[in-house]
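Hydrogens, waters and symmetry mates are skipped; everything else that's a heavy atom, side chains included, is used. Each chain gets a letter, A, B and so on, in the order its sequence line appears, and its residues count up from 1.
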There are 2 protein chains.
Amino acid sequence: MYDSKDPAGEAWELMFELFKGMKRERMNLAQEYGLSPMQLFAIGSLEPGEEMPMSSLAETLLCDASNVTGIVDRLEARGLLERRAAAHDRRVKLLALTEAGVRLRDEATHRLAIPPPEIAGLSRADQRALRDVLRQAIAQREMKAA
Amino acid sequence: MYDSKDPAGEAWELMFELFKGMKRERMNLAQEYGLSPMQLFAIGSLEPGEEMPMSSLAETLLCDASNVTGIVDRLEARGLLERRAAAHDRRVKLLALTEAGVRLRDEATHRLAIPPPEIAGLSRADQRALRDVLRQAIAQREMKAA
DNA sequence: TATTGTTATACTCTATAACTATA
DNA sequence: TATAGTTATAGAGTATAACAATA
């Protein structure tokens with residue numbers, strides 16, 4: 001038995017199909033909360049109970065630091081997060097979710113973590129096989145970094 | 001042997017890790033061509049040699065039809081596509097890639113189709129296993145649609 | 001009457017550059 | 001001097017509503 005085509009290429013192509021569905025879902029979810037997709041992503045990037053400098057959020061969001069000012073302004077006006085002073089460096093502002101922010105984040109994160117029908121409908125054995133190969137894939141990345 | 005956690009949920013979480021890397025790659029590629037991510041996505045959505053109504057592109061892009069006017073304006077000004085009259089319905093405008101558009105699209109599509117190191121670094125057996133499970137997953141979708 | 005694409009409007013995201021206040 | 005965050009600016013994406021041409 002042989003492959004008519006590169007299996008890695010086909011696998012990547014198929015994953016892209018699933019990715020498109022996720023994009024739509026994220027847009028719908030953001031709209032439900034009255035947030036833009038980027039605002040929802042920002043909320044999701046903050047860990048409840050932890051503080052993150054604005055510069056770190058800019059890296060996570062893959063955008064310039066100047067954009068974060070506006071994004072954070074709007075989320076702060078909505079009462080979902082707050083700016084706090086950093087103890088050791090008065091230039092730095094630390095971001096932290098408010099109680100309302102934590103609630104929204106937990107709910108949204110939970111809903112986005114639910115696998116789509118394409119994955120949920122697989123047999124348990126196929127789900128485990130998929131998980132195992134993906135663990136391998138991500139492990140490759142960590143090996144390379146070291 | 002048992003699972004400490006839902007395998008579908010963990011698989012979905014791991015796929016999300018790979019998606020994040022793809023987002024960065026798409027942004028970098030668009031910037032190389034001097035296009036916005038959305039403009040590159042629009043170019044990639046048009047099949048060389050085929051025509052697509054603007055309304056269809058709006059559906060593919062997951063945005064309102066009014067946005068497509070501006071996106072297409074900018075791509076047309078760059079000489080990457082053109083508007084054509086539809087024979088049967090004079091309200092409709094058909095979009096078609098120019099020669100330059102086809103060249104750019106083919107090159108960008110080819111580069112985006114290259115699997116990331118996480119997938120390329122898997123053993124051939126793992127790549128096939130991943131492909132087979134993803135074929136199953138997408139087949140689920142088609143079964144449901146019928 | 002309904003539909004396709006456009007325009008007008010208002011808001012958000014985006015990068016660049018200049019600025020403030022710290023370090 | 002260098003860095004964290006802001007502001008100013010200009011361009012692009014976004015939805016809504018109103019519109020023209022056509023069906």
- What string of B, S and - do you get for nucleotides 13-23 of chain D 5' to 3' if you count protein non-hydrogen atoms under 4.0 Å? SBBBB---BBS
Provide, to the nearest angstrom, the distance between the [atom1] atom belonging to [X] and the [atom2] atom belonging to [N].
| X | N | atom1 | atom2 | value |
| --- | --- | --- | --- | --- |
| A:Leu57 | C:dC13 | CG | P | 12 Å |
| B:Leu35 | D:dG11 | CG | P | 17 Å |
| A:Met54 | D:dT7 | CE | P | 10 Å |
| A:Glu51 | D:dA4 | CD | P | 17 Å |
| B:Leu95 | C:dT6 | CG | C1' | 14 Å |
| A:Leu94 | C:dT22 | CG | C1' | 15 Å |

Quick one: does any side-chain atom of [X] pair with a main-chain N or O of [Y] as donor and acceptor, under 3.5 Å?
| X | Y | value |
| --- | --- | --- |
| A:Gln127 | A:Ala120 | yes |
| B:Glu51 | B:Leu94 | no |
| B:Arg105 | B:Leu46 | yes |

- Query: So does B:Arg83 get a side-chain nitrogen or oxygen closer than 4.0 Å to the phosphate oxygens (OP1/OP2) of C:dT4?
  - Reply: no
- Got a salt bridge between B:Asp73 and B:Arg83, using NZ or NE/NH1/NH2 to carboxylate O under 4.0 Å? yes
- Message: Does this structure show an ion pair linking B:Glu25 with B:Arg111, if we count only N-O contacts that are shorter than 4.0 Å?
- Response: no
- Note on the structure: The single option from A:Trp12, A:Phe19, A:Phe16 that satisfies ring pair (Phe, Tyr, Trp, His ring centres under 6.0 Å) with B:Phe19 is A:Phe19
